[in-house]
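Side chains are part of it too, since the values below use all heavy atoms of this structure and drop only hydrogens, waters and symmetry mates. All figures in this text were calculated on a predicted structure; none of them were measured in a lab. Quick note on labels: first sequence line is chain A, next is B, and so on, each numbered from 1.
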Amino acid sequence: MKGFVRAVVVRAAAAAAALTLTLGAPVASHEDHHHAPHHWESPEIRVQLTGQTGILLVAWVAAAAAGRLIARREKERC
Amino acid sequence: MHRLRQILAIARVAYLENLRKQVLQVTLILTIAAIGSTTLLSFFDVGVQIKILKDLSLAAILFCGGVLAVVLSAGNIPGEILSHTAYPVLARAVRRSDYVLGRYLGAMATATLCMVLLAAVFLGILAVYQKTFDWAVALGMLFILIEVAVVAAIGTLFSLFVSPLVAGTLTIGVFILGQIKISYLHGAIERSASPAGSLLLKGLYAVLPNLDCFSFKDALVHNIAVPASYMAIVALYGLVYCAFILSASGIAFARRDL
């Protein structure tokens, strides 16, 4: 019981410290946000995302085909 | 149909196992406390208070989602192998890729449950202040969930090659670097004076997922409209990223000598 309480307290303290640091960031950078360009406004980011999605789609199809081949070989071996 | 039933059975077991994790409960309670504490800022105008509520709560939920993704994915499969509970399942006619997918879906079911709980608290408080249900914020929460799904998929892939601790650390690194990819790394490449440094940053930029694209916090806080076509691209990017990483994880696990 003592060990459990200690574990919970230590983890809660660590999580609270990390949460405080994370929550501090948006408040501190609140002023900068008005001047920085947003990612949804940038045509460059949009093109980048579309290109990466295309590449990932091709890679996924290739990986899925390879996975099916491996599974078939596994089945044949059994 | 039989395969789907197998995947769902594995996911159900993983989901029930994850629910008992202490770190999950502690993170959830702390995040709810962080969201609730924003209601104490009653000395601001209602408009400012709503902005701060959205800003802090979305940051807290993103942080909680990141923690959940790392914790649930890094030890998901290695833990089962170390405790030998994976072997009876894999000894049956279960594909290894299906096992990976089932474990991942179990972790994501747990993460989704937590995110739904957090969303209910956050949207409930917001509805009290705004007198209406904020659909835009609910949509923003959905994108945070897609981001969590991407990070969890990466964590699952790492966990198949290295120990859970290293996998967790690497996933945290990807989560943090992915958050600053467009906002910081993009500028750092342009500012970099040395060719070697620029090349390293470009490599890092190409490999890292665009996690900051899933964040519409600024738009939600300042009520800026985001094009629906852009949101569709981001959602598709996230889903395809998850699918590719999980396929790669399935291959990696199938080739592994257990």
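More than 12 heavy atoms of other residues, nucleotides or ligands sit less than 6.0 Å from atom CG of B/L139. By the neighbour-count criterion of 12 heavy atoms within 6.0 Å, atom OH of B/Y184 is sparsely surrounded, having that number or fewer from other residues, nucleotides or ligands.
The closest side-chain heavy-atom distance from A/Q52 to B/P209 is not below 4.5 Å. Residues A/L49 and B/Y230 are in side-chain contact: their nearest non-hydrogen atoms beyond the backbone lie under 4.5 Å apart. Side-chain contact between A/W40 and B/I233: absent, with no pair of heavy atoms (C-beta onward) separated by less than 4.5 Å.
You'll find the ring centres of A/H39 and B/F216 inside the 6.0 Å limit.
Only the side chain of B/I224 comes within less than 4.5 Å of a heavy atom of chain A; its backbone N, CA, C and O stay farther away. Heavy-atom distances place no part of B/A33 under 4.5 Å from chain A, backbone and side chain included. Looking at A/I70, only its side chain comes within 4.5 Å of chain B, counting heavy atoms on both sides. For B/A225, the part lying near chain A is the backbone, with the side chain staying farther off; criterion is any non-hydrogen pair under 4.5 Å. Both the backbone and the side chain of A/L57 come within less than 4.5 Å of a heavy atom in chain B.
Of all non-hydrogen atoms in B/S247 and A/A63, the two that sit nearest each other are CB-CB, 3.7 Å. Annotation for B/C213 and A/I45: closest pair SG-CG2, 4.0 Å, computed over non-hydrogen atoms.
No hydrogens or angles considered: nothing links the side chains of B/S97 and A/R68 as a donor-acceptor pair under 3.5 Å.
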Sequence neighbours excluded and cut-off under 3.5 Å, please list the side-chain donor-acceptor pairs for residues 174-181 of chain B, or say none.
residue: B/Q179; atom: NE2; partner: B/E147; partner atom: OE2; Å: 2.2
residue: B/K181; atom: NZ; partner: B/Y205; partner atom: O; Å: 2.7
residue: B/K181; atom: NZ; partner: B/L208; partner atom: O; Å: 2.8
residue: B/K181; atom: NZ; partner: B/N210; partner atom: OD1; Å: 2.9

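Among A/A66, A/A62, A/A59, the residue with the largest count of heavy-atom pairs under 4.5 Å with chain B is A/A59.
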